[in-house]
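So the structure is just underneath, and the comments pick up after that.
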Amino acid sequence: MALARSLIRTMSTVRTHASLKPVSTEAAPSAIGPYSQAVKAGDLVFVSGCIPLVPSTAQIVDGGIVPQTEQALANLKAVVEASGSDLGRVVKTTVFLKDMNHFGTVNGIYADFFGEHKPARSAVEVARLPKDVLFEIECIASLKN
């Protein structure tokens, strides 16, 4: 127990390395915990999980899987663009679904969203997502032109 408390106190002095640049934009919901919307590291940007919160209200979008997927993707786009990248440079996404039965619907929205671009992707069903949403997505994008 004393070791755990000591470790926590040590961790509280951790500073972001100068080579890492946090990304923040008001065009997407603020982080709802102790993390950044995204972090630039070298030629890559790592975008945290985006859930379907409306940026202006921080409320979950109403209406089920379709509007939740569309809102989370819009939030992802806003963070990717705030980093200086764009959707055509997304390298990898990870999709988290509350219910894999929504995969077909989500896949169609995702395909329309990315168009001809097809990043690498994983899609997994999870027991629960933050704020009990139905969909979350994170990505890694290139910053190279």
Side-chain angles (χ1 to χ4, degrees), residues 1-61 65-100 102-103 105-145:
M1 183 71 114
L3 178 60
R5 281 190 212 122
S6 174
L7 181 58
I8 290 171
R9 271 189 241 114
T10 301
M11 288 174 33
S12 68
T13 64
V14 174
R15 302 283 184 249
T16 302
H17 190 273
S19 67
L20 304 178
K21 304 291 183 221
V23 175
S24 180
T25 178
E26 292 182 10
S30 299
I32 57 174
Y35 60 92
S36 300
Q37 288 174 318
V39 175
K40 294 185 204 181
D43 291 334
L44 297 174
V45 60
F46 297 80
V47 179
S48 295
C50 294
I51 62 174
L53 297 180
V54 177
S56 61
T57 65
Q59 298 298 309
I60 299 166
V61 70
I65 192 63
V66 171
Q68 284 199 16
T69 301
E70 292 170 343
Q71 183 64 57
L73 289 169
N75 294 342
L76 181 87
K77 180 178 189 258
V79 177
V80 167
E81 289 178 350
S83 77
S85 189
D86 57 62
L87 293 177
R89 291 186 275 171
V90 171
V91 177
K92 167 81 166 71
T93 65
T94 305
V95 170
F96 304 94
L97 296 166
K98 172 67 177 146
D99 183 347
M100 194 56 82
H102 292 144
F103 181 79
T105 300
V106 166
N107 203 44
I109 297 165
Y110 180 98
D112 289 344
F113 181 75
F114 279 103
E116 298 276 323
H117 182 51
K118 296 187 177 13
R121 180 183 73 183
S122 300
V124 296
E125 180 181 87
V126 296
R128 194 169 180 199
L129 290 165
K131 297 190 174 272
D132 293 316
V133 299
L134 304 174
F135 177 89
E136 181 174 3
I137 185 168
E138 65 182 24
C139 78
I140 302 168
S142 174
L143 294 166
K144 283 188 171 184
N145 285 323

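Counting from 1, the numbers follow the sequence of the chain as shown.
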Where the side chain of [X] meets the backbone of [Y], is there a donor-acceptor pair that is under 3.5 Å apart?
X     : Y      : answer
Lys98 : Ala127 : yes
Gln37 : Pro29  : yes
Thr25 : Val79  : no
Asn75 : Ile51  : yes
Thr93 : Cys139 : no

Criterion side chain to side chain contact (heavy atoms under 4.5 Å, CB included) on Gln71 and Ile60, from CA distance to verdict: CA-CA 9 Å; Gln71 183 64 57; Ile60 299 166; over 6 Å; no
Should [X] and [Y] count as side-chain neighbours, where that means a heavy-atom distance under 4.5 Å?
X      : Y      : result
Val90  : Leu76  : no
Cys50  : Lys77  : no
Leu73  : Glu70  : no
Thr69  : Thr105 : no
Phe113 : Leu87  : yes

Once salt bridge (Lys or Arg N to Asp or Glu O under 4.0 Å) is applied, do any residues pair with Glu125, and if so which ones, sequence neighbours excluded?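 Residues passing salt bridge (Lys or Arg N to Asp or Glu O under 4.0 Å) with Glu125: none at all.
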Contacts of Asp43 that satisfy salt bridge (Lys or Arg N to Asp or Glu O under 4.0 Å) - sequence neighbours left out: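 Expected list: Lys144.
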Closest heavy-atom contact between [X] and [Y]?
X      : Y      : result
Ser85  : Ala141 : OG-CB, 3.7 Å
Tyr110 : Ala120 : OH-O, 4.5 Å
Pro52  : Phe135 : CD-O, 3.3 Å
Val47  : Glu138 : O-CB, 3.3 Å
Glu26  : Pro55  : O-CB, 4.0 Å
Ser36  : Val39  : CB-CG2, 3.9 Å

Measure the CG-CG distance between Leu97 and Leu134 for me, rounded to the nearest 0.5 Å.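 So the CG of Leu97 and the CG of Leu134 are separated by 9.0 Å.
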One pair to check against side chain to side chain contact (heavy atoms under 4.5 Å, CB included): Arg121 and Ile137. What are the steps and the verdict? CA-CA 10 Å; Arg121 180 183 73 183; Ile137 185 168; over 6 Å; no
Under 3.5 Å, is there a donor on one side chain and an acceptor on the other for Ser83 and Lys21?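 Side chains of Ser83 and Lys21: no pair found under 3.5 Å.
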Counting heavy atoms not belonging to Lys131, are there more than 12 under 6.0 Å from its NZ?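 Counting neighbours around NZ of Lys131, 12 or fewer heavy atoms of other residues, nucleotides or ligands fall under 6.0 Å, so no.
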Pair Val106-Ile65, side chain to side chain contact (heavy atoms under 4.5 Å, CB included): steps then yes or no: CA-CA 8 Å; Val106 166; Ile65 192 63; 3.8 Å; yes
